[in-house]
Protein chains: 2
Amino acid sequence: MRMTGETNAAAGPVGLRQLKKQRTYEAISDAAIALFLERGFEKVSVAEVAAAAEISKPTLFRYFPAKEDLVLHRFADHEDEAARVVADRPGGHSPLAALRARFLEGLTRHDPVTGLNDAPEVLAFHQLLYGTPSLVARLYAYQDRSERALADALDGGPLEARLAAAQILAVQRVLALENWRRVDAGERARDIHPDAAREANRAFDQLGSGLPRYA
Amino acid sequence: MRMTGETNAAAGPVGLRQLKKQRTYEAISDAAIALFLERGFEKVSVAEVAAAAEISKPTLFRYFPAKEDLVLHRFADHEDEAARVVADRPGGHSPLAALRARFLEGLTRHDPVTGLNDAPEVLAFHQLLYGTPSLVARLYAYQDRSERALADALDGGPLEARLAAAQILAVQRVLALENWRRVDAGERARDIHPDAAREANRAFDQLGSGLPRYA
DNA sequence: CACGCTTATGATTCTCAGTATCAAATGTTA
DNA sequence: TAACATTTGATACTGAGAATCATAAGCGTG
């Protein structure tokens with residue numbers, strides 16, 4: 001009754017409707033990002049995006065609450081990642097150890113969220129992102145939700161947890177920004193990696209000595 | 001030649017033009033905040049603000065780059081405050097000691113930026129601010145500039161300084177937010193003060209143990 | 001397969017933020 | 001007072017996003 005068993009294992013009822021929704025969602029997102037990369041975020045109107053995706057403007061806004069989310073929805077997936085890493089950490093591991101491992105792993109995987117990725121498309125995407133003030137502004141909203149989620153996942157008093165979450169995410173943000181800065185300056189991700197890993201370890205050591213409860 | 005010596009000691013040429021500019025600036029800001037407090041940020045159009053300030057809409061935008069700045073321009077003054085506190089600290093004091101002293105002082109002064117102020121107008125202003133997503137979003141932009149400025153004022157490598165600045169400002173932000181939360185919940189600023197000071201000291205101790213270079 | 005039921009879409013219209021243009025007004029300087 | 005520079009307002013425009021309502025499409029039941 002509950003399991004249709006038809007296609008993938010992820011979500012609930014996978015009817016035709018849901019399928020089309022997903023397709024439309026990605027069609028809009030793809031059309032939008034292609035246009036934005038080509039001509040810049042502000043030079044493309046949502047009407048053009050809607051036309052390219054072959055839908056109407058109201059429909060576009062039913063899928064994405066704001067123009068900025070056409071770009072940023074990818075970050076929504078990572079919104080509670082830090083919180084999940086802490087919540088799902090194997091027994092015996094501290095929150096900071098789990099987060100550090102995750103970040104270093106992201107570095108070696110050249111995960112775009114670590115900034116350490118010099119694939120032309122990723123670079124172009126980051127330039128689009130950091131080069132558009134309204135996108136950066138909205139990105140902070142995502143980070144705020146991350147912070148709240150991480151604070152919830154950390155034990156200790158609410159204030160203590162929130163202070164820790166804020167510092168941890170601030171550090172991760174700066175580390176990723178630095179990696180992106182170097183990639184943007186022309187260095188190759190592979191070459192940066194050792195520095196990036198060293199700096200990340202240093203920063204997490206620092207966090208640990210400031211936040212012994214979570215180390 | 002440089003000093004007109006006519007009125008105040010701050011800026012350069014104080015002609016009639018500059019004077020009127022300042023008057024207009026404050027007339028717009030006052031009209032805007034009064035209307036926003038009365039009816040909410042989103043329920044008031046910039047056209048109404050312009051009408052209340054007896055200027056045209058284009059003129060309004062010559063004074064304020066965006067509607068949000070009608071509320072947030074007050075924070076622009078504090079934008080490089082942390083950086084200044086560090087740069088101007090008396091010899092022998094560490095950056096963190098100077099910032100801690102400044103924050104504690106703000107607490108006893110019930111400085112609105114510490115969140116510890118229960119004057120009805122201040123409370124209403126904070127409710128307006130934190131209750132309006134677009135204002136919060138734009139507030140982060142100010143904090144980003146604060147972070148950059150503070151990083152510049154701190155010694156050490158650029159990355160090290162930026163990491164420290166990010167953590168310091170994250171902590172101050174959370175401390176202020178917590179104070180505001182309690183004030184908003186109905187507690188009196190005077191009653192909160194001891195807790196606020198204790199938590200601030202605890203947090204700065206923590207920062208110091210994580211960032212010994214700046215302690 | 002046909003029937004209602006629910007949900008997604010599109011066409012249209014509207015509000016409002018922010019920009020551009022240009023002429024009129026006002027402060028400044030010689 | 002005359003020439004100059006700057007500020008302002010009237011007007012019109014672009015683009016984001018919400019609202020309305022009718023149509024279409026997927027979905028469950030006979």
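The sequence lines fix the lettering, A, B, ..., with proteins before strands; numbering per chain opens at 1.
Relative to the side chain of A/S45, the nucleotides D/dA25, C/dA11, D/dA16 differ in distance, and D/dA16 lies closest. For A/T59, taking side-chain heavy atoms from C-beta onward, the closest of the listed nucleotides C/dG27, C/dT9, C/dT6 is C/dT9. Checking D/dA10, D/dG17, D/dG26 against every side-chain atom of A/E68, the shortest atom distance belongs to D/dG17.
When heavy atoms are screened at a 4.0 angstrom cut-off, B/Y63 is found touching the sugar-phosphate backbone but no base atom. A/V49 comes within 4.0 angstrom of no nucleic acid atom, judged by non-hydrogen atoms across all strands.
Distance CZ (A/F61) to C1' (D/dA18): 9 Å, rounded to an integer number of Å. A straight line from CZ of A/R17 to P of D/dA25 spans 12 Å, rounded to a whole angstrom. To the nearest angstrom, C1' of D/dT8 lies 18 Å from CZ of B/R23. A straight line from CG of A/L70 to P of D/dA16 spans 10 Å, rounded to a whole angstrom. Taking atom NZ on A/K43 and atom C1' on D/dA16, their separation rounds to 18 Å, with Å as the unit. What separates CG of A/L60 from P of C/dA11 is a distance of 14 Å, to the nearest Å. Rounded to an integer number of Å, the gap from CD1 of B/I28 to P of D/dG9 is 9 Å. The interatomic distance linking B/K21 (NZ) with C/dT28 (P) rounds to 11 Å, in whole Å.
Judged by atom type and distance alone, A/K57 reaches the base of D/dG17 through a side-chain donor-acceptor pair under 3.5 Å. Counting atom types as modelled, A/R62 pairs no side-chain N or O with a base atom of D/dG17 as donor and acceptor under 3.5 Å.
For A/K20, no side-chain nitrogen or oxygen approaches OP1 or OP2 of C/dA8 to under 4.0 Å.
Salt bridge status for B/E147 with A/R173: present, with a side-chain N to carboxylate O gap under 4.0 Å.
Classification of the B/Y25-B/F64 ring pair by plane angle, with boundaries at 30° and 60°, yields parallel.
By the 6.0 Å and 45° rule, B/R74 stacks over the aromatic ring of B/F125. Both cation-pi conditions hold for B/R145 and B/Y142: the charged atom is under 6.0 angstrom from the six-membered ring centre and inside a 45 degree cone around its axis.
In summary, of the residues considered (B/T132, B/V71, B/D69), a side-chain contact (heavy atoms from CB on, under 4.5 Å) with B/R138 occurs for B/D69 alone.
Comparing A/P58 and A/E42 against DNA chain D, the residue whose closest nucleotide sits nearer the 5' end is A/E42.
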